[in-house]
Amino acid sequence: MENVNSLIQERINKTEKLKAMGVNPYPSGYRPDISISEALDRFGDMEEETLEKESGLYNFAGRIISRRDFGKASFFHIKDRTGRIQAYIRKNKVDDVGFKIFKLMDIGDHIGIKGRLFRTRTGELTVLAEGLVFLGKSLRPLPEKWHGLTDVETRYRQRYVDLIMNDHVKEVFVLRSKIIQSIRKFLVDKDFLEVETPMMQPIPGGATARPFKTFHNALGMDLYLRVAPELYLKRLVVGGLERVFEINRSFRNEGISIKHNPEFTMLEFYMAYATYEDLMVLTEELFTHILMENLGSLVVEYQGMTIDFKPPWPRISLFDALRDTGRVDEKAFHSREDAAKAAMEFQISLLPRDGHGTILTKLFDHLVEPQLNMPTFIIGYPTEVSPLSRRNDQNPDLTDRFELFIGGREIANAFTELNDPIDQKERFQNQVALREAGDQEALFMDQDYVRALEYGMPPTAGEGIGIDRVVMLLSDSPSIRDVILFPHMRSIETGSGDETFEENKDK
RNA sequence: GGGCGUGUAGCUCAGUUGGCAGAGCAGUUGACUCUUAAUCAAUUGGUCGGAGGUUCGAGUCCUCCUACGCCCA
């Protein structure tokens, strides 16, 4: 158990004193009748004389976040979800017991204040307390008032403290929620149906990525956390749900970085009778909608660069983008050997099983992707790296697919869906061969998905958009951890008594 | 997996050439009924991330481990 330090002990002692006075340190049932922002909005601009006449008695509630004590009076600020306001308590305005209770309160405690508003000599709108209710004891001291909490590890591990101390953090997560609402509204207005598909899947699919594995005891079977909802959503299109979308978590058992969290949120949507070209237009429309609704502008400052989202966005083929760098020999586009040679020049690690298309895509990822700051559609992905995409009619080695890059990162991936069950089965077989050759990211054979296609999927296009990355762009956040409330961290040594961990270790 | 950096009081941080572990804020005690980083006086608080080593002596030097950050794979 953790050592109880003197600061916590001091607060426990105060709690005991409150109890001795007959005060419940954790009461329930108190209801504020005005929020802080409401009070500020309604009375903030009022002249002092009007304020005196108009301001009635209100019940406020909030957490004490600062205090300036005098002998028989005190100024302090309280904070609720909507804002912060100053309060003033005077011994002769509340009774002796009330003031004694206040003296036992600390920064961090929750308090209910009955009072009316006035303006101090310095002009700040302030609640003059006529009564107070103790609403909840905080046993741990909050970080310092001036520097606040800056230690990133503590900010992520104890997000609750981060949220108390850093208003900007809360704003990011409010924006995140609003962005998701905008997306939902945009799609619902276009007659898309929101659905939920399995996160625990017997066969993981829909993306080339390493999955997490778990075990269902009652069924006696392995299950995987999904790496994408794709194959289930497309089964629904086969079933006649011609426009579907899902916004939820996917899981990838890969490294953690500034742009990767093991669980992340993705929007995937599928639209029958549409092509990947239609989706480029739709994507521009969607981003315009999100940006105008939440930021009121199509121009965004991100980490010192200015990103202009005004459509149309350039569409460049992957090979052309690679050519345009001028850093890859033309021969690399025509033979695997020369592509491999080019990759070696840039110290890109290759595997013997990597085909020509894979090598060129790796070159693109290395040389082009980080440079694509303005919204850019890259089209013409090799079939080899696109096992679920429809082949291009002119060139079957390429697919009807695009990825969207913004701020040097992949934001979206979309394609006209492969709805030829025979071609799909062959693609799966190629993936299985890669898996057998040791590629842990390769797709599994999914017979049921092939069977679904055999019933006939209408011509369809689908897209996945990384929500976390979109929120990063719109909130000017450098790390994905800044837009995920509880990002993954290594667990701190829990000691030998952690039975839950021991029990699951063998699985 | 590799490289660089960081870890000292509840929080934010100093700590010199290896020589008594510090400051501000918070806390405690006292004064104070218009302050807002309130003020004034006094004062408590430490597994210097962990283990080992070098040394008369280690927060400081060395090795290993650990967590976090950044870069690379």
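Each chain gets a letter, A, B and so on, in the order its sequence line appears, and its residues count up from 1.
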**Student:** Ring of A:F70 versus six-membered ring of B:C32: centres under 5.5 Å and planes under 30°?
**Tutor:** no
**Student:** Could you tell me whether the phosphate oxygens of B:U35, OP1 or OP2, come under 4.0 Å of any side-chain nitrogen or oxygen in A:R121?
**Tutor:** no
**Student:** Looking across every strand, which nucleic acid part, if any, lies under 4.0 Å from A:T120 by heavy atom: base, sugar-phosphate, or nothing?
**Tutor:** base
**Student:** Regarding A:R11, tell me which of base, sugar-phosphate or nothing describes its non-hydrogen contacts under 4.0 Å with the strands shown.
**Tutor:** nothing
**Student:** Using a 4.0 Å heavy-atom cut-off across all strands, classify A:E153 as base, sugar-phosphate, or nothing.
**Tutor:** sugar-phosphate
**Student:** With a 3.5 Å cut-off and just heavy-atom distances, do the side chain of A:E124 and the base of B:U35 make a donor-acceptor pair?
**Tutor:** no
**Student:** Touch check for A:Y88, heavy atoms < 4.0 angstrom, all strands: base, sugar-phosphate only, or nothing?
**Tutor:** base
**Student:** Please determine if a side-chain N or O atom of A:K93 lies less than 4.0 Å away from the OP1 or OP2 oxygen of B:U33.
**Tutor:** no
**Student:** At 4.0 Å (heavy atoms only), tell me whether A:N92 reaches a base, stays on the sugar-phosphate, or touches nothing.
**Tutor:** base
**Student:** Is A:R155 close to A:M165 at the side-chain level, that is, under 4.5 Å between some pair of heavy atoms?
**Tutor:** no
**Student:** At under 4.0 Å between heavy atoms, what does A:L142 touch on the DNA or RNA strands: base, sugar-phosphate, or nothing?
**Tutor:** nothing
**Student:** Would you indicate what A:M489 reaches in the nucleic acid, counting non-hydrogen atoms under 4.0 angstrom: base, sugar-phosphate, or nothing?
**Tutor:** sugar-phosphate
**Student:** Ignoring backbone atoms, test whether A:R90 places a side-chain nitrogen or oxygen under 4.0 Å from the OP1 or OP2 oxygen of B:U33.
**Tutor:** no
